[in-house]
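What follows is a set of notes on a single structure, which appears directly below.
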Amino acid sequence: MQLIVFGPPGAGKGTQAKLLSSYLSIPHLSTGDILRSKLNEKDEISIKLQSIMSSGNLVSDNILNQIVSEKIISKECNRGFILDGYPRTIDQMNYLNNYILNNNIAINLIINIFVDDLTIQKRILNRSKIENREDDSIQTIQTRVNAYNLETKPIAEYYKKNYHSVYYEIDGTNKVEEIQKKLREIVKNTNFS
């Protein structure tokens with residue numbers, strides 16, 4: 001089973017993707033984890049990636065697309081995967097759509113976890129206190145939410161319109177357990193589980 005999970009920062013998509021990954025016994029592919037694991041491979045791309053990440057620059061769509069596409073056709077993902085944090089831009093979406101088409105990969109479910117801006121702010125500030133993260137100021141949170149609304153939300157809308165038979169929206173303001181229960185019900189009712 002192949003899934004894509006969308007949601008703004010603080011929506012809980014990483015938490016839900018991890019729980020679902022464990023439940024389905026398929027890899028949870030968060031962009032950050034994929035990049036970190038690629039750094040350990042010591043090939044041409046990982047050397048380039050090390051240089052980009054250590055200088056604080058964003059990884060280009062080209063490099064990210066290449067790394068993600070290698071990952072989703074790897075042996076590790078032969079039973080399926082959950083993409084979290086990818087695709088994030090229109091270029092990434094176009095690349096992924098072409099890649100899955102050309103490699104005969106079906107996306108079985110697309111989950112969009114939605115949360116209002118005030119809840120996002122409260123959650124991230126609370127997480128920041130618990131984890132003692134100084135990079136989560138109100139301004140930083142707003143910048144990340146704005147970036148999501150500008151770049152990634154249109155992608156979720158595209159999938160909603162064009163993949164409506166496998167697209168589900170979940171209220172991310174509910175408790176973690178309630179959201180996970182709903183996600184597992186959706187998975188059970190999918191013909192590909």
Side-chain angles (χ1 to χ4, degrees), residues 1-38 59 61 64-115 120 123 144 148-149 151-193:
M1 174 172 272
Q2 288 78 236
L3 295 91
I4 300 175
V5 181
F6 285 106
K13 65 183 181 300
T15 299
Q16 293 302 331
K18 275 182 197 149
L19 291 169
L20 210 50
S21 160
S22 176
Y23 173 69
L24 294 170
S25 299
I26 57 175
H28 166 220
L29 304 177
S30 83
T31 309
D33 291 346
I34 292 171
L35 292 175
R36 282 186 287 278
S37 80
K38 184 64 183 174
V59 177
D61 284 349
L64 191 57
N65 289 340
Q66 190 176 348
I67 293 169
V68 170
S69 58
E70 281 175 10
K71 193 74 172 172
I72 64 177
I73 60 163
S74 70
K75 191 177 177 187
E76 177 191 358
C77 294
N78 66 357
R79 290 189 59 244
F81 54 82
I82 301 173
L83 280 175
D84 161 17
Y86 182 92
R88 189 173 290 171
T89 66
I90 297 288
D91 286 345
Q92 289 174 11
M93 180 194 75
N94 290 333
Y95 177 86
L96 179 66
N97 289 347
N98 287 326
Y99 190 80
I100 61 175
L101 186 68
N102 294 331
N103 287 278
N104 234 6
I105 300 168
I107 298 298
N108 308 121
L109 284 176
I110 299 167
I111 308 290
N112 185 20
I113 301 174
F114 65 90
V115 180
I120 291 170
R123 278 187 183 173
R144 286 166 55 200
Y148 172 82
N149 288 334
E151 292 183 340
T152 311
K153 197 173 184 179
I155 297 167
E157 294 300 321
Y158 167 87
Y159 282 119
K160 180 179 185 176
K161 183 179 173 190
N162 295 284
Y163 289 75
H164 53 87
S165 63
V166 295
Y167 179 93
Y168 293 85
E169 289 190 340
I170 305 281
D171 182 353
T173 60
N174 291 321
K175 290 184 177 164
V176 171
E177 304 77 27
E178 290 170 15
I179 297 168
Q180 187 60 204
K181 185 180 175 195
K182 178 79 175 150
L183 288 173
R184 289 180 184 190
E185 283 170 13
I186 291 168
V187 166
K188 283 178 188 167
N189 293 326
T190 302
N191 295 330
F192 302 92
S193 58

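Since this is a predicted model, take the numbers as computed values, not measurements.
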Inset, instruction - Identify the heavy atoms of Lys13 and Phe6 that sit nearest to each other, and give their distance. - result: CD-C, 3.8 Å
Inset, instruction - Would you tell me whether Thr173 and Asp171 have side-chain atoms, one donor and one acceptor, within less than 3.5 Å of each other? - result: yes
Inset, instruction - Give a yes or no answer on whether the side chain of Gln16 reaches the backbone of Val176 with a donor-acceptor pair at less than 3.5 Å. - result: yes
Legend entry - Working for side-chain contact (heavy atoms from CB on, under 4.5 Å), residues Leu35 and Leu64: CA-CA 8 Å; Leu35 292 175; Leu64 191 57; 3.7 Å; yes
Legend entry - Euclidean distance, Asp61 CG relative to Gln66 CD, rounded to 0.5 Å: 12.5 Å
Legend entry - Test item: Ile73 and Ile105 side chains (from C-beta on) under 4.5 Å apart, heavy atoms: yes
Could you give the side-chain donor-acceptor pairs of residues 79-88 under 3.5 Å, partners two or more places apart or in another chain?
residue : atom : partner : partner atom : Å
Arg79   : NH1  : Ser25   : O            : 2.9
Asp84   : OD2  : His28   : NE2          : 2.8
Tyr86   : OH   : Asn65   : OD1          : 2.6

Legend entry - Test item: Leu20 and Val5 side chains (from C-beta on) under 4.5 Å apart, heavy atoms: no
Legend entry - Lys71 vs Pro27 side-chain heavy atoms within contact, under 4.5 Å: no
Legend entry - Test of ring centre spacing under 6.0 Å for Tyr167 and Tyr163: no
Inset, instruction - Start with the C-alpha gap between Arg123 and Val115, add the side-chain angles, then the distance that decides, and say whether side-chain contact (heavy atoms from CB on, under 4.5 Å) holds. - result: CA-CA 10 Å; Arg123 278 187 183 173; Val115 180; 4.0 Å; yes
Legend entry - Spacing of CD belonging to Glu151 relative to CE belonging to Met93, to within rounding of 0.5 Å: 13.0 Å
Inset, instruction - Apply side-chain contact (heavy atoms from CB on, under 4.5 Å) to Leu24 and Met1, showing your working. - result: CA-CA 8 Å; Leu24 294 170; Met1 174 172 272; 4.1 Å; yes
Legend entry - Atom pair CG (Asn78) and CD1 (Ile72), whose distance is rounded to the nearest 0.5 Å: 13.0 Å
Legend entry - Any Asn97 side-chain heavy atom under 4.5 Å of Tyr159 side chain: yes
Legend entry - Approximate separation, where rounding is to 0.5 Å, of Ile4 CD1 and Leu96 CG: 5.0 Å
Inset, instruction - For Asn108 and Gln2, indicate whether the former's side chain and the latter's backbone hold a donor-acceptor pair under 3.5 Å. - result: yes
Inset, instruction - Indicate the atoms forming the closest heavy-atom contact of Tyr148 with Pro8, along with that distance. - result: CZ-N, 3.5 Å
Inset, instruction - Without swapping roles, check the side chain of Asp33 against the backbone of Leu29 for a donor-acceptor pair under 3.5 Å. - result: no
Legend entry - Closest non-hydrogen atom pair between Glu178 and Asn174, with its separation: OE1-CB, 3.5 Å
Legend entry - Non-hydrogen atoms of Ala11 and Ile113 that approach each other most closely: O-CG2, 3.6 Å
Legend entry - Side-chain donor/acceptor of Thr190 to backbone N/O of Ile186, under 3.5 Å: yes
Inset, instruction - Supply the atom-to-atom distance Glu185 CD to Tyr168 OH, rounded to the nearest 0.5 angstrom. - result: 11.5 Å
Inset, instruction - Enter the distance from Arg36:CZ to Ser30:OG here, rounded to the nearest 0.5 Å. - result: 6.0 Å
